[in-house]
Structures are given as C-alpha cells and as structure tokens.
Protein chains: 2
Amino acid sequence: MTSTLKLEEFLPYRLARAAEIVSRDFAALYRERYGLTRPEWRVFATIGQFGTITATAIGAHSSMHKTKVSRAVFSLEKRRWISRTTDDADRRVERLQLTREGGLRFQELSSMARTYESKLLSAIGPEATDHLVEAMAALERYAADSSSSER
Amino acid sequence: MTSTLKLEEFLPYRLARAAEIVSRDFAALYRERYGLTRPEWRVFATIGQFGTITATAIGAHSSMHKTKVSRAVFSLEKRRWISRTTDDADRRVERLQLTREGGLRFQELSSMARTYESKLLSAIGPEATDHLVEAMAALERYAADSSSSER
DNA sequence: ATAGAACGGTTACATCCGCAACGAATTTCA
DNA sequence: TGAAATTCGTTGCGGATGTAACCGTTCTAT
C-alpha cells in the first residue's frame with residue numbers, strides 16, 4: 001500500500017548529503033593550507049566579518065554549540081589569529097577580535113572562499129542560485145522554531 | 001579593496017546550516033519515538049529501501065564512513081530490526097535485510113518521513129522544491145569528485 | 001599453485017562533541 | 001540592600017566519530 005521510501009529523494013537527506021559533500025570539499029582547502037578545523041574556520045570567519053563580537057553572539061549567529069565556540073576560540077587564540085578583551089562594562093563578556101596576523105589570514109581565507117563559491121555558483125547557474133538561496137531560507141524559517149536545542 | 005566576506009551569504013555555510021536545522025528537526029521525531037540515532041536511521045532507511053544490501057554499499061550510497069555504518073548495523077541488529085546473512089559466493093560480504101519487526105518499523109518510519117517532508121515542501125512551495133532539488137544535484141555533481149576521503 | 005595486492009568489515013585509540021555542572025559577574029525583585 | 005535567578009564562558013565526563021591497523025577472504029599475476 002505505502003510505496004517504499006526512497007532516501008535519495010527525501011529532502012532532509014538530500015540536503016544533508018549536499019551540504020556534507022560541499023562542506024567537506026571546501027574544508028579540505030583550508031585544512032590543507034592552514035590546518036584549520038571546521039568550527040575554527042566558522043568562528044574565525046564570524047569574527048572577521050563583525051570585527052568585534054562575543055562568543056555567545058558567534059554561537060547564535062552560526063548555530064554552533066557554545067562549547068564548540070569556546071574551544072575554537074581557545075585554539076585560534078593560541079594560534080595568535082585572534083585576541084580577547086574583557087568588556088569593561090560587563091566583565092563576564094569577552095570581546096573577540098582579529099590580531100594583525102589574523103587580519104592577513106582573514107583576507108587570504110576570504111578570497112579563497114569567494115573563489116570556491118564562484119566555482120560552485122557557476123556550476124549551478126545564476127537563476128538556480130537564486131532559487132536555492134530562497135528555498136533554503138524558507139526551510140530554515142520553517143524548521144527553525146521547532147528545534148531549539150542548540151545555540 | 002576586497003569586501004568583507006559575509007558568512008551568512010556564503011553558500012557552503014548556508015547549505016550546512018539549512019541541512020543541520022532540518023535534519024535536527026526531523027531527527028527529534030524519530031529519536032523521541034524510537035530512540036534512533038541519525039546514522040541508525042539512515043542505515044535502516046537504506047536497507048529498507050533496497051531490501052538487501054551490504055554495509056559497503058550503504059556507505060557509498062549515503063556518504064557515511066564505514067565505521068559509522070558498521071556501528072549502526074551492529075546496534076540495529078541488537079535491536080532485531082535487521083539481520084545479516086553471510087554471502088555464500090563471497091564470504092567477506094554480509095548481506096543485510098530487515099527482520100519482520102524491522103519491516104513494520106520501516107513502514108511507520110517511512111510514513112513519518114513522508115508526513116514530515118510534505119510539511120516542508122508545502123512550506124517552500126512546489127516550484128521552489130524543483131529548483132532546490134535540481135540545484136542540490138548540480139552541487140553534488142560538482143563537488144563529488146574533488147572530495148573522495150570518505151566511503 | 002602461490003605470493004602479494006585488494007577488499008569487506010571490525011576494532012583500538014585518539015579526538016571531537018554535547019550535556020550538565022560549575023565559577024564569576026550581573027540583573028531582578030522583594 | 002541582599003538573596004535568588006540569569007548570563008557568559010569554561011570544563012569534566014561520557015558518548016560518538018574518524019584514522020589506522022587489523023583479520024579473514026578473494027582476486028591478480030606470475
């Protein structure tokens with residue numbers, strides 16, 4: 001009566017698979033050149049983007065667990081790509097920013113990212129890109145409030 | 001000169017985020033009702049779809065690491081949802097299939113999956129779905145051969 | 001026929017990750 | 001004011017995961 005479920009046509013599965021393949025493909029680049037892990041790359045890119053930001057805000061912005069953020073911050077600091085400053089107004093808060101070296105690396109990694117992305121985009125074409133982006137936003141809107149276990 | 005990279009507009013990041021949110025949202029359903037983990041669900045669904053399949057083939061089909069598959073197979077077997085038969089022609093190979101109970105559970109989980117998916121699809125609309133699927137296929141085609149570290 | 005390579009699958013080990021508990025700082029509210 | 005609740009960030013711990021090594025089996029090539 002019920003037809004067989006085909007996993008490769010099941011949307012959550014397709015999404016997970018596409019994301020995993022693309023993510024791994026790109027991660028291979030920065031891992032090979034800089035030895036960065038995925039959480040480190042994400043945290044680093046977020047700090048680079050905002051200039052100054054807190055660990056909590058990074059987690060909220062990038063859907064990463066706070067312990068993951070904490071550990072990535074630690075190793076980026078050890079690498080001297082970022083530094084932290086305790087906020088004067090609220091001394092629980094650590095304001096994170098790039099060091100001078102971190103700034104240089106961020107430029108390099110940014111252009112690497114853009115190069116990679118433009119190859120991806122040209123592979124799927126401009127209108128498909130628009131549709132893709134739009135559909136992903138709709139998916140996130142739909143699923144975002146049901147799940148709330150992460151921050 | 002180079003504009004700042006915005007992570008939330010970066011395609012691999014968007015994909016990863018959308019996939020993670022959707023996947024977690026759906027995983028909450030089968031975890032809560034059956035206590036299944038994500039790898040277990042994937043392996044189980046793959047066996048259910050193919051009827052009989054080997055662990056290696058599951059890994060290739062679903063982009064999962066073979067140790068992950070191996071462990072999921074073990075726990076599904078312990079649960080008595082699947083069984084294994086050593087292939088007569090090649091005794092390295094274990095042919096995996098659902099047990100009677102596994103078949104029942106697969107029906108339940110399949111319909112759960114379809115219900116969930118149809119909610120997702122109606123949230124983003126039918127043409128957006130087509131575009132999404134098409135774009136993901138193109139992405140996978142592009143990235144699939146570069147990365148080969150898993151199987 | 002047989003040595004060596006290749007393959008299916010499992011396991012030991014080190015690492016990664018999330019949960020829960022925590023310390024320190026701040027806010028809330030009586 | 002001061003006790004309880006909340007927040008930021010870290011850490012201990014158990015569980016999940018990937019790497020590499022491994023066992024047994026089969027294939028390849030001489």
Side-chain angles (χ1 to χ4, degrees), chain A residues 16 20-21 23-25 27-28 31-32 35-43 46-47 50 52-78 82-97 147-151, chain B residues 16 20-21 23-24 27-28 30-32 35-43 46-47 50 52-78 82-97 147-151:
Chain A
E20 173 61 23
I21 289 176
S23 200
R24 191 193 310 143
D25 191 40
R31 183 166 49 88
E32 165 181 310
L36 277 188
T37 66
R38 239 180 287 192
E40 284 162 13
W41 150 252
R42 279 203 191 180
V43 166
T46 307
I47 297 172
F50 287 97
T52 294
I53 191 174
T54 69
T56 300
I58 294 173
H61 183 258
S62 62
S63 289
M64 290 176 65
H65 194 276
K66 64 179 180 172
T67 62
K68 218 190 229 178
V69 174
S70 175
R71 284 155 181 152
V73 163
F74 177 78
S75 71
L76 287 167
E77 200 184 9
K78 204 171 59 178
I82 68 171
S83 62
R84 68 174 87 198
T85 315
T86 302
D87 189 296
D88 288 328
D90 183 344
R91 292 174 32 238
R92 292 170 303 186
V93 173
E94 311 273 4
R95 292 163 62 250
L96 304 169
Q97 60 272 318
S147 76
S148 58
S149 68
E150 193 163 274
R151 171 96 0 121
Chain B
E20 174 60 23
I21 289 176
S23 201
R24 192 193 309 145
Y30 55 72
R31 183 166 47 89
E32 164 181 310
L36 277 188
T37 66
R38 238 180 287 194
E40 283 162 14
W41 150 251
R42 280 203 189 179
V43 166
T46 307
I47 297 172
F50 287 98
T52 294
I53 191 174
T54 69
T56 300
I58 294 173
H61 184 259
S62 63
S63 290
M64 289 176 65
H65 194 275
K66 64 179 181 173
T67 62
K68 218 189 225 177
V69 174
S70 174
R71 283 154 182 152
V73 163
F74 176 79
S75 72
L76 288 167
E77 201 185 7
K78 205 171 60 177
I82 70 171
S83 62
R84 68 174 87 197
T85 314
T86 302
D87 188 296
D88 289 329
D90 183 343
R91 292 176 32 239
R92 291 170 303 186
V93 173
E94 311 273 3
R95 292 163 62 250
L96 304 169
Q97 59 272 317
S147 76
S148 57
S149 67
E150 194 167 89
R151 173 88 2 122

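From a predicted model like this one, the values you see are computed outputs, not experimental measurements. All chains are named by letter (A, B, ...) in the order of the sequence lines, taking the proteins before the strands, and each is independently numbered beginning at 1.
Side-chain contact between A:T37 and A:E40 is present, with at least one heavy-atom pair separated by less than 4.5 Å. Using a 4.5 Å heavy-atom cutoff, the side chains of B:T85 and B:T52 are not in contact.
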Identify each atom pair where a protein N or O and an N or O of nucleotides 26-28 of chain C are less than 3.5 Å apart, giving names and distance.
from   : atom 1 : to    : atom 2 : distance (Å)
C:dT26 : OP1    : A:R91 : N      : 2.9

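The line from CZ of A:R95 to OG1 of A:T86 is 10.0 Å long, rounded to the nearest 0.5 Å.
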Q: Give the C-alpha distance, both sets of side-chain angles, the deciding distance and a yes or no for side-chain hydrogen bond (donor to acceptor under 3.5 Å, both in side chains) between B:E77 and B:S83.
A: CA-CA 6 Å; B:E77 201 185 7; B:S83 62; over 6 Å; no
**Q.** A:T67 vs A:R71, side chain to side chain contact (heavy atoms under 4.5 Å, CB included): CA-CA, chis, key distance, verdict
**A.** CA-CA 6 Å; A:T67 62; A:R71 284 155 181 152; 3.7 Å; yes
Q) Between A:E20 and A:R24, does a side chain to side chain contact (heavy atoms under 4.5 Å, CB included) hold up when you go through it step by step? A) CA-CA 6 Å; A:E20 173 61 23; A:R24 191 193 310 143; 3.3 Å; yes
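Contact between the side-chain N/O atoms of B:T56 and the OP1/OP2 oxygens of C:dG9 is found at a separation under 4.0 Å.
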Q: Let me have a per-nucleotide readout for nucleotides 10-17 of chain C, 5' to 3', with B, S or -, counting only protein heavy atoms under 4.0 Å.
A: BBBB---B
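Tested against B:R84, the residues B:V93, B:T54, B:V73, B:L76 include a single side-chain contact (heavy atoms from CB on, under 4.5 Å) partner, B:V73.
The aromatic rings of B:Y30 and B:W41 lie parallel to each other, with less than 30° between the two planes, well short of the 60° mark.
Atom CZ in A:R95 sits about 18 Å away from atom P in C:dA25, given to the nearest Å.
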